[in-house]
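Written out below as structure tokens is the structure these notes cover.
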Amino acid sequence: MRTLRTPAELRDTLTPHRRAGWRIGLVPTMGYLHEGHLSLVREARARADVVVASIFVNPIQFGPNEDLARYPRDEAGDSAKLRGAGCDVLYLPEAMYADDFSTHVEVGGPSAGLCGDRRPGHFRGVATVVAKLFHLVAPDVAVFGQKDYQQLAVLRRMVRDLDFDVEIVGCPIVREPDGLAMSSRNAYLSAEDRPRALALSQGLEAAARAMSAGERSPRRLEAIARAPLEAANLRVDYVEARDAMSLAPIEEPQGPIVIAVAAFVGATRLIDNRVMAP
Ligand code: AMP
């Protein structure tokens, strides 16, 4: 695996591969990698001839009171994990934005509500950095996790609306054995908070069971998913049922729905979601 740090190095490395007709796969990340990230690398490995992973903690997707300064980092550990998962190129940019950077990608549609409302500017920052990575790497396929369900919808919309020639692949959420969705931010959880964090996946599991048993009301399913969060005394940011395809708010499920959850476990904001069909 080669580690590259500048756009020129990327271009010099990837252009010959592209000319040779090799398919390029991209997995953008913010590092502090876990099995969820590595599952994306393996998916890219299966779909492309050259796999590029990027690690960049993107400042423009963090709000002023968020965890940018303390976001966990482990360059050596991440490199070893990527090599083990079959990554060919690690892009660790020295810089991403000029001091007077002033161009952004604004995505409407699926960015409304949920994290889009609670984290103003977040998806604009995500879409902008992913658009830049798409230009730098020119991947044939890019792989993202359904853990960030709204992000995946936003990026699919951006690709469609701006005619990026890249296939977007979404991969299932990888969980800890007890059900907690893997996240770099789980590293923030104290020993007392770790069991309380289970309330997110348990609420979603309970809602999925209720839907299997015939419950169709989005509001009642939301209440079922919310109950364990309140029982664990977590500060709930949102619990919302949406149409799984369009992310539109729903009164009556017409097909599969997604319930998306965000809650603070102590000072740590975690998200999770689950798709369920009537
Ligand atoms: P991040 O490093 O948090 O920006 O995440 C990079 C990519 O990994 C995104 O596409 C995430 O959706 C994906 N990802 C993060 N956690 C998981 C997980 N537990 N399972 C699957 N994909 C994940």
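Both counts, for ligands and for their atoms, begin at 1 and track the order of listing.
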Taken to the nearest 0.5 Å, the spacing of Ser79 OG from Leu92 CG works out to 6.5 Å
One finds that the ligand 1 atoms under 4.0 Å from a non-hydrogen atom of Ile173 are 20 (N), 21 (C)
Query raised in the report: Quick one: are the ring centres of Phe164 and His135 less than 6.0 Å apart?
Result: yes
Open item on the list: If I apply the N/O under 3.5 Å rule, does Met182 come out as touching ligand 1?
Closed with: yes
> Are His17 and Asp49 close enough that some pair of their side-chain heavy atoms sits under 4.5 Å apart?
Replying inline: no
Nearest non-hydrogen protein atom to atom 1 (P) of ligand 1, with distance, is His37 NE2, 3.7 Å
Among non-hydrogen protein atoms, atom 20 (N) of ligand 1 lies closest to Val174 N, 2.9 Å
Next on the checklist: Under a plain distance cut-off of 3.5 Å, with no hydrogens placed, do Tyr149 and Asp272 share a side-chain donor-acceptor pair?
Outcome noted: no
inquiry  = When you compare ligand 1 with Gly145, is there at least one nitrogen or oxygen pair between them that comes in under 3.5 angstrom?
reply    = yes
In this structure, atom 12 (O) of ligand 1 is nearest to the protein heavy atom Asp148 OD1, 2.7 Å
Query raised in the report: Based purely on interatomic distance, does Val143 place a nitrogen or oxygen under 3.5 Å from a nitrogen or oxygen of ligand 1?
Result: no
Heavy-atom proximity to atom 17 (C) of ligand 1 ranks first, among Arg175, Lys147, Arg185, for Lys147
Apart from Val174 itself, members of its ILVMFWY cluster (side-chain separation under 4.5 Å) are Met182
- Query: Looking at ligand 1, does any of its N/O atoms fall within less than 3.5 Å of an N/O of Met30?
  - Reply: yes
Is the shortest N/O to N/O distance between Ser183 and ligand 1 below 3.5 Å? no
For the pair Glu240 and Arg219, find out whether any cationic side-chain nitrogen is under 4.0 Å from an anionic carboxylate oxygen.
no
By side-chain hydrogen bond (donor to acceptor under 3.5 Å, both in side chains), Ser212 pairs with (sequence neighbours left out) none
Closest to atom 13 (C) of ligand 1 among protein heavy atoms sits Leu40 CD1, 3.6 Å
One finds that the ligand 1 atoms under 4.0 Å from a non-hydrogen atom of Pro28 are 6 (C), 7 (C)
| request: Would you mind checking if Glu167 and Arg47 are paired as a salt bridge, meaning a charged N to carboxylate O distance below 4.0 Å? | output: yes
| request: May I ask you to establish whether Arg70 and Tyr188 are in a cation-pi arrangement, using a distance under 6.0 Å from NZ or CZ to the six-membered ring centre and at most 45° from the ring axis? | output: yes
Within 4.0 Å of some non-hydrogen atom of Phe144, the atoms of ligand 1 are 10 (O)
Atom 21 (C) of ligand 1 sits nearest the protein heavy atom Pro172 O, 3.4 Å
Before accepting this row, confirm whether a basic side-chain N of the pair Glu252/Arg216 lies closer than 4.0 Å to the acidic partner's carboxylate O. no
for atom 15 (C) of ligand 1, nearest protein heavy atom and its distance come out as His34 CE1, 3.9 Å
